[in-house]
Amino acid sequence: MNPPKHVAIIMDGNGRWGIKKKNSRNYGHKKGLETVEKIINEAIKNKIKYLTLFVFSTENWKRPNSEIKYLFNLLSNYIESEINNLIKKNIRIKIIGNISIFPKLLKSKLKKVEKKTKSLDKIQINMALNYGSREEITNSFKKIKKKNILITKRNIEQNLYTSGIPDPEILIRTGNTYRISNFMVWQSIYSEIFFVKKMWPEFTKNDFNNILKEFDSIKRKFGGLDE
Ligand code: IPE
Ligand code: IPE
Ligand code: MG
């Protein structure tokens, strides 16, 4: 099996799962983090080099403050408690998205983990935080204008948050919802898309491996014809 270089995941369904379990949306987020840890390990086992996780979108600010706060706390605690483990496991963390408007302490923790793991190369986890494709693409054009360089596909790509990262061969969305929600629109034009009925906290390493297996059997033609 030839592993994909890059898998991107829209981790959807935490809230509904929490409610279904007669608990809270936030309980779902907490359980969702356990799935994150499982899938990172599974991605490493499968020799995947880039794993992009959609954690917080530019649209998620519309949620109640209490939920946003809970998510940020979860993230903050995760980084604090996991940073040494990440380093030990040779994992690089990269933030994609605009975190300039995040709470100060969280921002500094995120910058710190990015800096401390910069040279690690077992796998790169791209954490999409306050990420939206439209912002990303608009931002790229702004940078191009500032640099006074030509608008070319290459220059647009090189000024995205994901500059230098190969496009995801696989895009997964859990949560039984069939849309892209402003995620990696530029990068996913030829991604194989897997919509999963299960909610993110229910998603298992088996589900992940089955997707990799199915991917392996797909003939990718990129507009051409079968050999
Ligand atoms: C997790 O799922 C995605 C995040 C924004 C953290 P949701 O919180 O969107 O859960 P559902 O879709 O409402 O069930
Ligand atoms: C997408 O899920 C964002 C993340 C997984 C972080 P949403 O739950 O925000 O998407 P919509 O609102 O259902 O499209
Ligand atoms: Mg959702």
Side-chain angles (χ1 to χ4, degrees), residues 6-40 42-43 50-79 82 93-103 106-107 109-110 113 124-139 160-162 165 168 170-188 191 193-204 207-208 211:
H6 185 178
V7 176
I9 309 181
I10 303 173
M11 311 181 290
D12 195 26
N14 287 348
R16 278 166 290 160
W17 183 86
I19 300 296
K20 198 170 77 186
K21 290 286 159 193
K22 309 232 175 321
N23 209 308
S24 60
R25 291 184 52 82
N26 288 343
Y27 175 65
H29 292 312
K30 195 171 124 194
K31 282 293 184 183
L33 182 57
E34 292 175 17
T35 308
V36 169
E37 295 187 305
K38 270 191 290 194
I39 298 307
I40 290 177
E42 214 49 34
Y50 300 89
L51 179 67
T52 301
L53 302 173
F54 202 7
V55 179
F56 194 85
S57 79
T58 47
E59 285 70 38
N60 288 146
W61 296 104
K62 293 174 188 160
R63 298 189 179 200
N65 230 322
S66 57
E67 182 169 338
I68 295 173
K69 235 178 164 173
Y70 187 88
L71 279 168
F72 286 178
N73 257 327
L74 207 59
L75 179 62
S76 181
N77 291 337
Y78 172 74
I79 287 172
E82 277 305 303
I93 301 288
K94 181 179 167 63
I95 312 299
I96 59 170
N98 174 18
I99 61 163
S100 70
I101 55 173
F102 271 23
L106 176 58
K107 201 166 48 185
K109 282 185 190 177
L110 290 166
V113 73
Q124 175 170 323
I125 310 293
N126 303 312
M127 292 189 16
L129 291 167
N130 193 21
Y131 173 91
S133 278
R134 288 202 172 169
E135 284 65 19
E136 181 183 37
I137 294 166
T138 307
N139 190 44
L160 296 173
Y161 299 130
T162 54
I165 299 169
I170 296 179
L171 171 59
I172 301 170
R173 180 176 190 141
T174 59
N176 198 23
T177 301
Y178 300 76
R179 55 176 169 256
I180 295 299
S181 302
N182 204 6
F183 185 57
M184 297 201 113
V185 171
W186 177 277
Q187 298 89 337
S188 67
S191 301
I193 305 184
F194 293 83
F195 291 104
V196 177
K197 287 207 164 68
K198 280 188 183 176
M199 304 294 125
W200 179 248
E202 312 171 303
F203 188 70
T204 64
D207 296 326
F208 186 69
I211 287 173

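Atoms within each ligand, like the ligands themselves, are counted from 1 in listed order. The residues of the chain are indexed from 1 along the displayed sequence.
Ligand-side atoms of ligand 2 in range of Asn60: 3 (C), 6 (C), 9 (O), range being under 4.0 angstrom from any heavy atom. Distances below 4.0 Å separate heavy atoms of Asp12 from the following atoms of ligand 1: 2 (O), 7 (P), 9 (O), 10 (O), 11 (P), 12 (O). The distance from ligand 2 to the heavy atoms of Ser181 drops below 4.0 Å at these ligand atoms: 10 (O), 11 (P), 14 (O). Within ligand 2, the atoms closer than 4.0 Å to a non-hydrogen atom of Arg173 are 2 (O), 10 (O), 11 (P), 13 (O), 14 (O), numbered from 1 in the order shown.
When distances from the Mg ion (ligand 3) to the N, O or S atoms of Asp12 are compared, OD1 comes out shortest.
At least one heavy atom of Gly13 sits under 4.0 Å from some atom of ligand 1. At least one heavy atom of Val55 sits under 4.0 Å from some atom of ligand 1. No heavy atom of Met199 sits closer than 4.0 Å to any atom of ligand 1.
Counting heavy atoms closer than 4.0 Å to ligand 1, residue Thr177 contributes nothing at all. Contacts between Arg63 and ligand 1 below 4.0 angstrom, taking non-hydrogen atoms only, involve the side chain exclusively. Looking at Phe183 against ligand 2, nothing comes within 4.0 Å, counting heavy atoms.
Of the candidates Arg179, Arg16, Lys62, Met11, the one placing a heavy atom closest to atom 12 (O) of ligand 2 is Arg179.
Between Trp17 and ligand 1, no N or O atom pair is found at a separation short of 3.5 Å. Between Gly15 and ligand 1, at least one pair of N/O atoms sits closer than 3.5 Å.
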- Check against side chain to side chain contact (heavy atoms under 4.5 Å, CB included), Leu106 and Leu75: CA-CA 8 Å; Leu106 176 58; Leu75 179 62; 4.1 Å; yes
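Residues Asn139 and Tyr161 approach most closely at ND2-CE2, 3.9 Å, considering heavy atoms. Here the closest heavy-atom approach between residue Phe183 and residue Leu171 is recorded as CE2-CD1, 3.6 Å.
The CE atom of Met127 lies 4.5 Å from the CD1 atom of Ile95; values are rounded to the nearest 0.5 Å.
Ring orientation note: the planes of Trp61 and Phe102 are nearly perpendicular, at an angle over 60° on the 30°/60° scale.
With respect to atom 13 (O) of ligand 1, the closest heavy atom belonging to the protein is Arg25 NH1, 2.9 Å. Looking at atom 4 (C) of ligand 2, its nearest protein heavy atom turns out to be Phe54 CD2, 3.7 Å.
Within 6.0 Å of NZ on Lys107 lie more than 12 heavy atoms contributed by other residues, nucleotides or ligands. In Lys197, the NZ atom is not crowded: 12 or fewer heavy atoms of neighbouring residues, nucleotides or ligands sit closer than 6.0 Å.
For the pair Glu37 and Tyr78, the minimum side-chain heavy-atom distance is below 4.5 Å. Proximity of Phe56 to Ile68: side-chain heavy atoms (C-beta onward) are separated by under 4.5 Å at one or more points.
Salt bridge absent: Arg134 and Glu59 never bring a charged side-chain N and a carboxylate O closer than 4.0 Å.
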